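The block underneath contains the structure these notes are about, expressed in structure tokens.
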Amino acid sequence: MIDVLYFAWVRERIGLPRERVETDAPTVAALVDQLRAREDRYEAAFADLSAIRVAVDQQLTGFDAPLTGVREVAFFPPMTGG
Amino acid sequence: MIDVLYFAWVRERIGLPRERVETDAPTVAALVDQLRAREDRYEAAFADLSAIRVAVDQQLTGFDAPLTGVREVAFFPPMTGG
Amino acid sequence: MEIRILPDAFDPGAELARFSTDRSGTGAIVTFTGLVRDDGGALHALEIEHYPGMTEAAVTAMVAEAEGRWTLTDALVVHRHGTLRPGEPIMMVATAARHRAAAFAAAEFLMDYLKSRAPFWKKETTRDGTSWVAARDEDEAALDRWT
Amino acid sequence: MEIRILPDAFDPGAELARFSTDRSGTGAIVTFTGLVRDDGGALHALEIEHYPGMTEAAVTAMVAEAEGRWTLTDALVVHRHGTLRPGEPIMMVATAARHRAAAFAAAEFLMDYLKSRAPFWKKETTRDGTSWVAARDEDEAALDRWT
């Protein structure tokens, strides 16, 4: 089980801020494929992966990051702090 | 008559902050020569001109600046503001 | 190093007053303050969302990186989340060093990284509705000068 | 534009509080504050001499030059003269702009020019006596990046 978090318009499109996901996906990319296959709102959120950033256990990383031993994955648009 | 002002260690070496000088010097350099000829304290102050900056009517300039119509000349070391 | 991620208004003047007091070995303090720009009255509110936990970790790592690159006597980052009104301070960075070059460079470095690498997202409410603020290409490009 | 050359202590926090209030069109404020560095207790006092009249004119010209190079919504320079104690603020620059790049650049530009082109001279009294602070080659060299 992995905690999957969504922020900003990714959260709005999917309609929830976080959920626990039972997954055997070996990588973030594989997890995204599983989520997209679920429902249209996931497909809408993940339609353009170039617009999405990912953090694994609160560290920015890429979609090829492995999920072994990971507790938390977050998806969000490019950050606009400052 | 020109007001001649001295600041920082130039003022200290010459021993006064300002004086009125009767001069026919055509340039700042010529004025410096006249002052150096006066007394040792002027010679001490102007011994190394590379260490002295000059302002004519409150504008930074060079030793070759003309003195025609000038009211105020100031001599001082490189500035250390900020 | 001091980092505060907070939902409430803060006072940049009070922060600078505190940050500039009892500053042994410090000759230079630089601050950056980000305000909610009113843009001629069009903007009604700015909502800032963040990623609790990751935000603190990411900002702490940025400040540690700055302290590794420049010799600082101190650094401060304050960043709001929640709902802000036009004119309100969004965030603030302060850096202290012996000389100004390090204080300026570290403040600019922190701003560039906070803009594009700290997990905050801004949503504007204007007279035309609400929209997420898009990341600017020039903010991403600004990071290149530090690599 | 606001320029104050003054013999009395000032409060950088109060200046920033005022400067950051009612800031229409401003998204970014940068401040630089120069403090009298204590240098481990060796410094007893700093005396700042200036050239009344020329100081105001020179600083005004620098701020006007900065406002010509960058689009600023405001700029402030405060600079003390007289006798200062370790830890006291010597001077402050504040710049306001839509975006951070202009605010940072203008503040650095003003600092570089104030250091080497504004008629102030510093004299230190330490446990070893008094001496005029020498201009630093790197301060003169810093001006090259603006030409």
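These values consider heavy atoms only, across backbone and side chains, with no hydrogens, waters or symmetry-generated copies. A note on names: the letters A, B, ... follow the listed sequences, proteins ahead of strands, and every chain is numbered from 1. Source: prediction; values computed, not measured.
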request  = Mind checking the CG-CZ spacing from C/Asp139 to D/Arg100? Nearest 0.5 Å is all I need.
outcome  =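 It comes to 4.5 Å.
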
Distance, nearest 0.5 Å, that separates OG1 of D/Thr31 from CG of C/Leu16 =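 Rounded to the nearest 0.5 Å, the OG1-CG separation comes to 5.0 Å.
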
inquiry  = So for C/Ala94, is it side chain, backbone, both, or neither that comes closer than 4.5 Å to the heavy atoms of chain D?
reply    =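 Answer is neither: C/Ala94 stays 4.5 Å or more from chain D.
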
message = Counting heavy-atom pairs closer than 4.5 Å to chain D, which one of C/Glu15, C/Lys115, C/Met92, C/Glu88 comes out on top?
response =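 Highest number of heavy-atom pairs under 4.5 Å: C/Lys115.
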
message = Counting heavy-atom pairs closer than 4.5 Å to chain D, which one of C/Val93, C/Asp112, C/Val36 comes out on top?
response =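 Highest number of pairs under 4.5 Å: C/Asp112.
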
Greatest number of heavy atom pairs closer than 4.5 Å to chain C - which of [options]:
options: D/Ala28, D/Ala14, D/Gly87; result: D/Ala28
options: D/Asp39, D/Thr21, D/Thr26; result: D/Thr26
options: D/Gly34, D/Gly25, D/Ala101; result: D/Gly25

Contact origin within [X] toward chain C - heavy atom pairs under 4.5 Å:
X: D/Ala103; answer: neither
X: D/Arg98; answer: both
X: D/Asp22; answer: neither

inquiry  = Looking at every non-hydrogen atom in both residues, tell me the closest pair between D/Asp11 and C/Ala17 and how far apart they are.
reply    =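 Here D/Asp11 and C/Ala17 meet closest at OD1-CB, 4.4 Å.
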
ask   = At their closest point, which heavy atom of C/Ser20 faces which heavy atom of D/Leu35, and how far apart are they?
value =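 So the minimum-distance heavy-atom pair works out to O-CD1, 3.9 Å.
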
task = With sequence neighbours excluded, give me every ring-ring contact (aromatic ring centres under 6.0 Å, His included) pair touching residues 14-54 of chain D.
result =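 Pairs touching residues 14-54 of chain D that pass the test: B/Phe7-D/Tyr51, C/Phe104-D/Phe32, D/His50-D/His81.
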
